[in-house]
Number of protein chains: 2
Amino acid sequence: MPSDLAAQLRAVSLRVTRPRLAVLAALRDHPHVDTDTVIDLVRADLPMVSHQAVYNVLHALTAAGLVRRIQPAGATARYEAQAGDNHHHIVCRSCGAIADVACATGHAPCLTASDDHGFVVDEAEVVYWGTCPACSEGIA
Amino acid sequence: MPSDLAAQLRAVSLRVTRPRLAVLAALRDHPHVDTDTVIDLVRADLPMVSHQAVYNVLHALTAAGLVRRIQPAGATARYEAQAGDNHHHIVCRSCGAIADVACATGHAPCLTASDDHGFVVDEAEVVYWGTCPACSEGIA
DNA sequence: GCCCTTTTCTGGAACAGTTCAAGTTTATGC
DNA sequence: GCATAAACTTGAACTGTTCCAGAAAAGGGC
């Protein structure tokens, strides 16, 4: 459904270009991919896109709120299509795999800081650290 | 109290060296500093330390659990002396400032993933995103 | 206190991911 | 279709981090 993705772009006043559609499609089909993988996925459709274009597009889409940038400590930047639901992530310390986790309680009771130090908080992010099933087996 | 810091090192079977003491002292006095700042702080005492030594030390201390590495999306790595308390961080989107936040509820009700996808979770990290007082004023 | 072994540090170079800049191409509105 | 402004291509620069080889220093035994 390319027109669907095009509509998303128009909704945020961004021009509809081949690279942007390809990036959106890649993120839709592959959640939590790093920039390098995005470039590879996009080039499967459009061999001529420069990595620059991908960086530009990811920035533009992030700024527009269509995709979300996630970057666990030490790893390279990853992106996911912003579904609008406030889910969180569980990251494998060993292999870096990322899985989605729905917010446990629904209304996030502890996601309001007890003492905000005068900060204006607009988002609370939760990252669970652990070991994925595959890596757990390897260890055991 | 250098001997205090030395004791921390000995407790985790690390040799007591000048650079390590300087890094520990720097982190104790300046929470949430980035690597560059650590290097500057250490060089205030020991002008000859290489950046390499600081990286080595930070890695060693992180592995030993004496310091904690925090790296909000897009920013460079920062370190803090690990106090053992499970506090979280509030990060300014504008200037990158970081403040400590005590865990709001004490017993962290939503810090257990609802569906762990088979992962073995050993830590839940919370990052609040917002705008610090100084930057808020600048905008207003 | 001195020597030996092992760890750690110094200095320099390499590397990955990301960003910057100039010029060309492409999408959009008329 | 045409003009204009945004987006893309190419290529190089930059930052933060890591790798490597040799020199220095810490810790333990004598």
Side-chain angles (χ1 to χ4, degrees), chain A residues 2-3 5-26 32-43 45-64 66-67 69-79 96, chain B residues 2-3 5-26 32-43 45-64 66-67 69-79 96:
Chain A
S3 57
L5 300 175
Q8 286 188 39
L9 288 172
R10 289 211 183 81
V12 292
S13 308
L14 285 175
R15 291 192 174 178
V16 179
T17 67
R18 224 76 60 73
R20 286 178 176 170
L21 292 174
V23 168
L24 276 177
H32 314 134
V33 289
D34 58 42
T35 312
D36 236 38
T37 307
V38 174
I39 294 174
D40 286 346
L41 289 169
V42 170
R43 284 189 177 151
D45 279 341
L46 300 158
M48 300 306 289
V49 285
S50 57
H51 61 153
Q52 217 71 344
V54 175
Y55 277 100
N56 283 345
V57 170
L58 287 173
H59 267 151
L61 297 182
T62 303
L66 289 184
V67 306
R69 178 180 185 147
I70 50 183
Q71 182 171 29
T76 62
R78 286 160 179 270
Y79 294 86
Chain B
S3 57
L5 300 175
Q8 286 187 40
L9 288 172
R10 290 211 183 81
V12 292
S13 309
L14 286 175
R15 291 193 175 179
V16 179
T17 67
R18 223 75 61 74
R20 283 178 179 170
L21 293 175
V23 168
L24 275 178
H32 315 134
V33 291
D34 59 42
T35 312
D36 236 38
T37 307
V38 174
I39 294 174
D40 286 346
L41 290 169
V42 170
R43 284 190 176 149
D45 280 339
L46 301 158
M48 300 305 291
V49 285
S50 57
H51 61 156
Q52 202 53 27
V54 175
Y55 277 102
N56 283 345
V57 169
L58 288 172
H59 267 151
L61 296 181
T62 303
L66 289 185
V67 305
R69 178 181 184 148
I70 50 183
Q71 183 170 28
T76 63
R78 285 159 181 272
Y79 294 86

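In what follows, chains carry the letters A, B, and so on, assigned in the order in which the sequence lines appear, proteins first and then strands, with residues in each chain numbered from 1. Just so it is clear, the values below take in all heavy atoms, side chains as well, and ignore hydrogens, waters and symmetry mates.
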Exactly one of A/L46, A/D45, A/V42 clears side chain to side chain contact (heavy atoms under 4.5 Å, CB included) with A/R18, and that residue is A/L46
Can you tell me how far the [atom1] atom of [X] sits from the [atom2] atom of [Y], to the nearest 0.5 Å?
{"X": "A/L5", "Y": "A/Q8", "atom1": "CG", "atom2": "CD", "value": "5.5 Å"}
{"X": "B/Y79", "Y": "B/T62", "atom1": "OH", "atom2": "OG1", "value": "5.0 Å"}
{"X": "A/L58", "Y": "A/L66", "atom1": "CG", "atom2": "CG", "value": "11.5 Å"}

*asked:* So does B/A77 get a backbone contact from the side chain of B/R69, meaning a donor-acceptor N/O pair under 3.5 Å?
replied: no
Donor-acceptor pair, B/R78 side chain versus B/I70 backbone, under 3.5 Å?
no
[N] phosphate, OP1 or OP2, under 4.0 Å from [X] side-chain N/O:
{"X": "B/T17", "N": "C/dC9", "value": "yes"}
{"X": "B/S50", "N": "C/dG12", "value": "no"}
{"X": "A/H59", "N": "C/dT19", "value": "yes"}

With the side chain of [X] defined as its heavy atoms from C-beta on, choose the nearest nucleotide among [options].
{"X": "A/R18", "options": "D/dA26, C/dT18, C/dA27", "value": "C/dA27"}
{"X": "B/Y55", "options": "D/dG27, C/dA27, D/dT18", "value": "D/dT18"}
{"X": "B/L14", "options": "C/dT8, C/dA13, C/dT19", "value": "C/dT8"}

**Prompt:** Using a distance-only test with no angle check, is there a side-chain donor-acceptor pair under 3.5 angstrom linking B/D34 and B/T37?
**Reply:** yes
Q) With sugar-phosphate meaning primed atoms plus P, OP1 and OP2, does B/A60 contact a base, only sugar-phosphate, or nothing at under 4.0 Å between heavy atoms? A) nothing
Please state how far atom [atom1] in [X] lies from atom [atom2] in [N], giving the value in whole angstrom units.
{"X": "A/L9", "N": "D/dC8", "atom1": "CG", "atom2": "P", "value": "10 Å"}
{"X": "A/I39", "N": "C/dT19", "atom1": "CD1", "atom2": "P", "value": "12 Å"}
{"X": "A/M48", "N": "C/dT26", "atom1": "CE", "atom2": "P", "value": "11 Å"}
{"X": "B/Q71", "N": "C/dT18", "atom1": "CD", "atom2": "P", "value": "11 Å"}

Mind listing the N/O atom pairs, protein and nucleotides 3-7 of chain C, below 3.5 Å?
from, atom 1, to, atom 2, distance (Å)
C/dT6, O2, B/R15, NH1, 3.2
C/dT7, O4', B/R15, NH1, 3.4

